[in-house]
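Written out below as structure tokens is the structure these notes cover.
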Amino acid sequence: MIRAQWKTLLMAAAACVGTAFSIRAQAHDEPWKIQAVVLTTYENGADTGDKAGELQPWVEHEHLTEKLPFPLGVHNIYTDRGHHLLVVMTGMTTGPAAASVMALGLDPRFDLSKAYWLIDGCAGFDPTVAPEGSAAWITHVVGSVMKELDLREMPKDWPYGKFLTGANAPDRPVPAGPVTPGEPTLLFTLNPSLVAWAYSMTDKLPLVDPPELAHERQIWRDIPAATRKPVVLKGDELASDVFWHGRMPTQFARNWVKLVTHGEGQFTASEMEDSGMMESLMRLGHAGRIDDTRVLILRTASNYTQQPQGMTAEQSINGHMPAEAPAMENGYRVGARIIHEIMNHWPKYSVQTP
């Protein structure tokens, strides 16, 4: 038994050493000139053939079979035959996602200086904005760094206990003043021209709309936007490590996005990674490793951020998610339209951002 365990450990160590040598060997070759990077955050099980997460539609539909070791990430990287496309799973929540993107951006195997980046992931949507299964091109990513008082200890006239660092009460802007070095970035604004272009290329695409979504829409008859078929739209998002849910936090999210964007943004989606990934991409852009004006975020509605009439928030957050599968498929369908356009016309888009 002991001899067998030692054999297993030695084989594992050899595999790690082999991986390290293979990465160093490739790094000494000419770096691959990457045209597009697709960032997903999780997978439900195997990469193919079972219930799909965000990664699986890209692997299956793009017929990707070549995998690269990614020791600083959470999963092997998939690439196409020409080695111009990378499909990456970053891990969920802000920290793991940010670390994976930074590791990828510094990987010597890849020349990412002209690459376009697509974050494709599911999210909770505000039902007053768009129905489940919809796909939103994101313009503003709003972070969730804030001060907070417990509801039981906050002043009685406050609507909630969350407020901006630097303010002294909810829904109040921070007084103008110098930026403190090291202060976290609360707002990331993507290239509006690129976002508008991506939307114009995809707003008429037919989306997956299975019978279970049609049935789900009947539950939301009191909210007109939630009774429509899935659509492609533009919107803004709140990024938080907390998987929050309910009517009251949804109203907070609407107010928070308005406040942080100075009235420009409309809360559309809630997710758990994009502020971290954008922080890494911004820093990589400052270092000249990437072009951070070539970043797109596509979030699809796998669920809503609040409960329907006749259901408690607790029942809703612990209920089933019938839109998860169509959201994954629609994320690929919309995102692939842009990735294929860029890669099929690379001589054009390599020198000129849409």
### Task
Please say which of I297, I138, L298 ends up in a side chain to side chain contact (heavy atoms under 4.5 Å, CB included) with I119.
I297

#### Entry: Side-chain donor/acceptor of T40 to backbone N/O of V88, under 3.5 Å
yes

### Message
Working to the nearest 0.5 angstrom, can you tell me the gap between L85 CG and I77 CD1?
### Response
11.0 Å

### Task
Starting at CE of M272, measure out to OG1 of T41 and round the result to the nearest 0.5 Å.
9.5 Å

### Task
Please confirm whether the backbone N or O of L55 pairs with a side-chain atom of Y78, one donor and one acceptor, at under 3.5 Å?
no

### Task
Verify, without hydrogens or angle tests, whether S134 (side chain) and V231 (backbone) share a donor-acceptor contact under 3.5 angstrom.
yes

### Task
Please say whether more than 12 non-hydrogen atoms of neighbouring residues, nucleotides or ligands are located less than 6.0 Å from CZ in R283.
no

### Message
Counting only heavy atoms not in Q352 (residues, nucleotides, ligands), do more than 12 fall under 6.0 Å from its CD?
### Response
no

### Query
Hey, what do you get for OG1 (T305) to CG (L238), rounding to the nearest 0.5 Å?
10.0 Å

#### Entry: Which residues share a side-chain hydrogen bond (donor to acceptor under 3.5 Å, both in side chains) with Q35, sequence neighbours left out
none

### Message
Is there a continuous path of hydrophobic side-chain contacts, each under 4.5 Å between heavy atoms, that joins V142 to V145?
### Response
yes

### Message
If you apply the rule side-chain hydrogen bond (donor to acceptor under 3.5 Å, both in side chains), what do you find for H245 with N303, and how did you get there?
### Response
CA-CA 10 Å; H245 191 77; N303 59 287; 5.1 Å; no

### Task
May I ask you to check whether W220 and Y304 place their ring centres under 6.0 Å from each other?
yes

### Message
For the NZ atom of K51 and the CD atom of Q56, what is their distance to the nearest 0.5 Å?
### Response
11.0 Å

### Query
Is there a path of hydrophobic side-chain contacts, each under 4.5 Å between heavy atoms of I, L, V, M, F, W or Y residues, that connects V334 with L118?
yes

#### Entry: Flag if over 12 foreign heavy atoms under 6.0 Å of CE, M248
no

### Task
Classify the side-chain pair W32/T79 by whether it contains a donor and acceptor separated by less than 3.5 Å.
no

### Query
Under 3.5 Å, side chain of E329 to main-chain N/O of P57, donor-acceptor pair present?
no

### Message
Please check this pair: side chain of E271 against backbone of A123, looking for a donor-acceptor N/O pair closer than 3.5 Å.
### Response
no

#### Entry: Backbone N/O of G143 and side chain of S275: donor-acceptor pair under 3.5 Å
no

### Message
Classify the ring geometry of Y332 against W58: parallel below 30°, tilted from 30° to 60°, perpendicular beyond 60°.
### Response
perpendicular

### Task
Give every residue pair that meets the side chain to side chain donor-acceptor pair (under 3.5 Å) criterion with at least one member in residues 150-163, sequence neighbours excluded.
E148-K162, D150-R152, Y160-D171, Y160-N255

### Query
Do other residues, nucleotides or ligands put more than 12 heavy atoms under 6.0 Å from the CZ atom of R221?
no

### Query
Would you say the side-chain atoms of N44 pair up with the backbone N or O of D50, donor to acceptor, closer than 3.5 Å?
no

### Message
Strictly distance-based, threshold 3.5 Å: is any side-chain N or O of E273 a donor or acceptor partner for the main-chain N or O of T93?
### Response
yes

#### Entry: F125 backbone acceptor or donor facing R299 side chain under 3.5 Å
no

### Message
Working to the nearest 0.5 angstrom, can you tell me the gap between W117 CH2 and I339 CD1?
### Response
11.5 Å

### Query
Among the clusters formed by ILVMFWY side chains lying less than 4.5 Å apart, do V295 and L186 turn up in the same one?
no

### Task
Could you tell me whether the side chain of E54 and the main chain of C122 form a donor-acceptor pair under 3.5 Å?
yes

